[in-house]
**Q** 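Starting off with a structure, shown below.
We use all heavy atoms of the structure for the numbers below, so side chains are in, but hydrogens, waters and symmetry mates are not. Computed from a prediction, not measured in an experiment: that's the story for all the values here.
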Amino acid sequence: KTSFPLSNIPDQQIEFIKRVNHFQGISFLLIRFVSLNEIYFLKSEDFLEFIKTTKRKSIPLSYLKEKGFPIKFIDGMHLNFIQVIDELYF
C-alpha cells in the first residue's frame, strides 16, 4: 500500500485540527504504513493544505516522504516523535 486513505480520518478530527491551527496550537498526524514498517509525522498545516488543494481521496506515500518526517521506533515499541515536535516548534 502506498497511500493513506483520507476516509481513515473522521470529519470531526479534521474539524478539531482546523480549530487547533486557528488558535496556533500544535497538531499533527502520525501515519503508519504497516506493510512498509514506516511511520510519518505530518504537520497539520501540510495536511490541511493537502486536503484543500487536491481532490485525491488518499495521501500518497510520496507526499509524506516530501512533506512529512519519518518516525523511528525506539526499542521496537515506542515512537520517537517528541524529538520532531521539539525541532519543529521549539
**Q** State plainly whether the residues E49 and K52 are in salt-bridge range, i.e. N to O under 4.0 Å.
**A** no
**Q** I want to check something: taking the side chain as every heavy atom from C-beta on, are L79 and F81 in contact at a cut-off of under 4.5 Å?
**A** yes
**Q** Given D86, which partner from the list V84, I82, L88 fulfils the side chain to side chain contact (heavy atoms under 4.5 Å, CB included) test?
**A** I82
**Q** Closest approach of R32 and I39, non-hydrogen atoms and distance?
**A** CG-CG1, 3.7 Å
**Q** A side-chain contact here means heavy atoms from C-beta on lying under 4.5 Å apart; do I71 and Q83 qualify?
**A** no
**Q** Applying ring-ring contact (aromatic ring centres under 6.0 Å, His included), name anything that partners F33, two or more places apart in sequence or on another chain.
**A** none
**Q** Under 4.5 Å between any side-chain heavy atoms of L61 and E38, yes or no?
**A** yes
**Q** Would you check if S44 and L29 make a side-chain contact, meaning some heavy-atom pair closer than 4.5 Å?
**A** no
**Q** As an exercise, state the distance from CG of L48 to OG of S27, rounded to the nearest 0.5 Å.
**A** 7.0 Å
**Q** Would you say that F47 contacts I59 through its side chain, given a criterion of any heavy-atom pair below 4.5 Å between the two side chains?
**A** yes
**Q** Mind running side-chain contact (heavy atoms from CB on, under 4.5 Å) on Q13 and I17 for me, showing each step along the way?
**A** CA-CA 6 Å; Q13 186 174 358; I17 289 169; 4.3 Å; yes
**Q** I'd like to check I51 versus R56 (side-chain heavy atoms, cut-off strictly below 4.5 Å). Are they in contact?
**A** no
**Q** Please examine the side chains of I14 and K18, heavy atoms only from C-beta on, and report whether any two atoms are closer than 4.5 Å.
**A** yes
**Q** Can you pull out every ring pair (Phe, Tyr, Trp, His ring centres under 6.0 Å) where at least one residue sits in residues 4-24? Sequence neighbours excluded, please.
**A** none
**Q** Taking all non-hydrogen atoms of both residues, which atom of K67 and which atom of D46 are closest, and how far apart?
**A** O-OD2, 3.8 Å
**Q** Do I26 and F90 come within less than 4.5 Å of each other through their side chains, counting heavy atoms only?
**A** yes
**Q** NZ of K65 to OG1 of T2: how many Å apart, nearest 0.5 Å?
**A** 10.5 Å
**Q** Under 6.0 Å between ring centres, would you say that holds for F50 and Y63?
**A** yes
**Q** Quick one: do V34 and I31 end up in the same hydrophobic cluster if we chain Ile, Leu, Val, Met, Phe, Trp and Tyr together by side-chain heavy atoms under 4.5 Å apart?
**A** no
**Q** Before giving the answer on ring pair (Phe, Tyr, Trp, His ring centres under 6.0 Å), spell out for F28 and F41 the whole-Å C-alpha distance, their side-chain angles and the decisive distance to 0.1 Å.
**A** CA-CA 7 Å; F28 54 90; F41 178 107; 4.6 Å; yes
**Q** Which atoms form the tightest heavy-atom contact between P5 and S3, and what is the distance?
**A** CD-O, 3.7 Å
